[in-house]
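Here the structure comes first, spelled out in structure tokens, and everything after it is commentary.
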Amino acid sequence: MRTIEWRSGVVVTLDQTVLPVEEKWIEMRSCREVASAIKEMKMRGAPLIGVAAAYGLALTAYHSKAETEEDLMQELEKCAETLRKTRPTAVNLFWAIDRVMNKARTIQGNLEELKKAVVSEAQAMADEDVETNRRIGKHGAKLLSNGDTVLTHCNAGSLATVDYGTALAVIRAAWEEGKRIKVIADETRPKLQGARLTAYELMHDGIPVTLITDNMAGYVMSKGLVDKVIVGADRIVRDGVANKIGTYTVAVLAKEHGIPFYVAAPTSTFDLSKRSEDVIIEERSPDEVTHFGSVRIAPEGVKVMNPAFDITPLKYVDAIICEKGVLTRKEFLRLVKEKV
Ligand code: MRU
């Protein structure tokens with residue numbers, strides 16, 4: 001089952017804000033609807049919002065009443081602008097928009113061709129995402145042994161991608177190879193992607209999963225209950241990995257306990273011209289911290305910080321698993337040097 005689908009001018013996705021209580025499919029028919037769904041986190045996860053943005057452009061092209069290519073290009077630029085303003089941290093969003101817009105710019109002299117090219121580029125990106133994730137899974141599975149317990153943070157599963165996931169792809173592939181893996185999922189405050197989405201996905205696949213609150217990670221590691229940590233990424237820069245808030249804490253704890261810490265992400269998440277200080281960390285509404293669902297849990301008027309991501313310095317990352325293979329920290333640093 002794919003998390004996002006194109007059905008002749010309609011984009012269909014699961015509303016992740018109501019999972020796992022409700023499995024509600026929503027339909028989007030315009031760039032604006034796609035942008036809102038990304039902003040409200042009905043769709044979330046770096047690879048998924050990239051593909052969603054591509055589909056947002058595809059919807060604009062498909063439904064356009066423009067009579068010239070220039071007019072359609074203007075509509076696409078406007079849509080791209082709207083999508084770029086949705087969430088700042090995951091580079092996949094910007095990568096996807098640029099890829100579709102660059103494709104559109106290569107089409108000259110035929111309005112219908114231009115429309116078709118935009119739609120088929122978005123569809124190709126969705127298909128490629130699944131293929132890429134399968135490769136990540138295959139490469140990463142080599143790092144897991146039979147009987148391992150893997151701790152993961154947030155949701156880097158099918159729901160964060162078109163299908164199969166990144167961090168969860170590695171776990172899935174190892175499981176499919178017959179390795180009996182167990183997973184510990186951090187609940188991932190404040191949006192609870194671990195509790196609501198990772199636990200839901202793994203239970204659906206029959207992979208044993210135990211849910212903990214974020215502040216239990218140190219305890220479970222100190223008790224020898226974790227063999228490896230695997231997380232996804234929103235942006236991999238020259239000196240670190242931006243991922244869901246709390247990832248850095250888990251990485252430091254893993255180092256202290258001698259537990260390998262792996263990042264699984266497609267190369268579309270690499271942003272090797274940038275450094276940690278260039279990454280914009282999304283700051284979200286204080287309500288996500290002061291409320292649990294709709295119930296207030298903090299005093300009215302309290303000062304709140306709500307950064308949605310943090311950056312784990314490279315020294316805590318043992319390897320990055322991408323579709324091309326497993327890059328040890330040393331190999332990744334070599335790649336970074338080549339990109340000077
Ligand atoms: O705020 P979210 O839920 O979009 O954050 C998602 C994450 O941080 C994931 O770990 C990351 O996007 C990788 S998903 C394959």
Side-chain angles (χ1 to χ4, degrees), residues 2-16 25-132 160-163 234-235 266-271 273-274 278 280 282:
R2 288 189 175 209
T3 305
I4 193 164
E5 267 186 43
W6 173 265
R7 292 190 199 146
S8 331
V10 183
V11 176
V12 183
T13 193
L14 255 180
D15 179 352
Q16 298 194 31
W25 290 90
I26 52 170
E27 294 183 348
M28 293 161 284
R29 290 180 169 77
S30 68
C31 178
R32 206 169 30 84
E33 284 179 345
V34 170
S36 302
I38 294 173
K39 229 181 160 112
E40 292 161 19
M41 293 178 69
K42 289 181 176 164
M43 297 182 278
R44 31 68 50 199
L48 179 62
I49 63 174
V51 171
Y55 276 144
L57 290 161
L59 286 174
T60 299
Y62 188 91
H63 295 290
S64 174
K65 303 256 183 313
E67 285 175 9
T68 65
E69 275 173 79
E70 290 72 34
D71 287 351
L72 177 53
M73 280 309 291
Q74 266 184 21
E75 288 176 15
L76 290 171
E77 293 286 1
K78 207 169 141 218
C79 166
E81 240 356 84
T82 308
L83 292 164
R84 281 195 185 100
K85 287 187 194 134
T86 52
R87 297 191 75 191
T89 309
V91 73
N92 307 61
L93 178 84
F94 304 92
W95 168 85
I97 295 167
D98 290 346
R99 178 166 153 180
V100 176
M101 291 306 288
N102 287 339
K103 178 78 196 182
R105 285 183 198 110
T106 63
I107 311 294
Q108 305 271 317
N110 188 323
L111 185 62
E112 283 315 304
E113 277 294 300
L114 175 55
K115 288 186 181 182
K116 268 195 212 141
V118 170
V119 174
S120 59
E121 190 70 0
Q123 282 176 312
M125 287 165 77
D127 292 342
E128 280 169 31
D129 181 69
V130 185
E131 182 54 35
T132 296
T161 61
V162 176
D163 205 353
D234 286 83
R235 192 183 288 247
T267 48
S268 54
T269 306
F270 289 22
D271 189 9
S273 63
K274 302 250 169 63
D278 305 320
I280 300 172
E282 178 184 6

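Scope of the values below: all heavy atoms of this structure, side chains included, with no hydrogens, waters or symmetry mates.
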Any idea which heavy atoms bring [X] and [Y] closest together, and the distance?
X     : Y      : result
Ala53 : Leu93  : CB-CD1, 3.7 Å
Pro47 : Asp129 : CB-OD1, 3.4 Å
Met73 : Ala104 : SD-CB, 3.9 Å

- [ ] Walk me through it: do Thr60 and Glu75 pass the test side-chain hydrogen bond (donor to acceptor under 3.5 Å, both in side chains)?
- [x] CA-CA 7 Å; Thr60 299; Glu75 288 176 15; over 6 Å; no

Task: Any donor-acceptor pair under 3.5 Å from Thr89 side chain to Glu282 backbone - done: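 Checked: pair present.
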
Open item on the list: Whether the side chain of Glu69 engages the backbone of Gly109 through a donor-acceptor N/O pair (distance < 3.5 Å, no angle test) should be reported.
Closed with: yes

Task: Test side-chain hydrogen bond (donor to acceptor under 3.5 Å, both in side chains) applied to Gln16 and Glu40, Lys42, Arg44, the passing residue - done: Arg44

Task: Tyr62 and Trp6 aromatic ring geometry - parallel, tilted or perpendicular at 30°/60° bounds - done: perpendicular

TODO: Please check if any side-chain donor atom of Thr269 sits under 3.5 Å from a side-chain acceptor atom of Asn92, or the reverse.
DONE: yes

TODO: With rounding to the nearest 0.5 Å, note down the distance linking OG1 in Thr3 to CE in Met43.
DONE: 11.0 Å

Open item on the list: Measuring from atom NZ of Lys115 to atom OG of Ser64, what distance do you get when rounded to the nearest 0.5 angstrom?
Closed with: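 It comes to 5.0 Å.
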
Task: salt bridge (charged side-chain N to carboxylate O under 4.0 Å, His left out) between Arg99 and Glu128, worked out - done: CA-CA 13 Å; Arg99 178 166 153 180; Glu128 280 169 31; 2.8 Å; yes

Open item on the list: Other residues, nucleotides and ligands only: do more than 12 of their heavy atoms fall within 6.0 Å of CZ on Arg32?
Closed with: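 Not more than 12 within 6.0 Å, no.
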
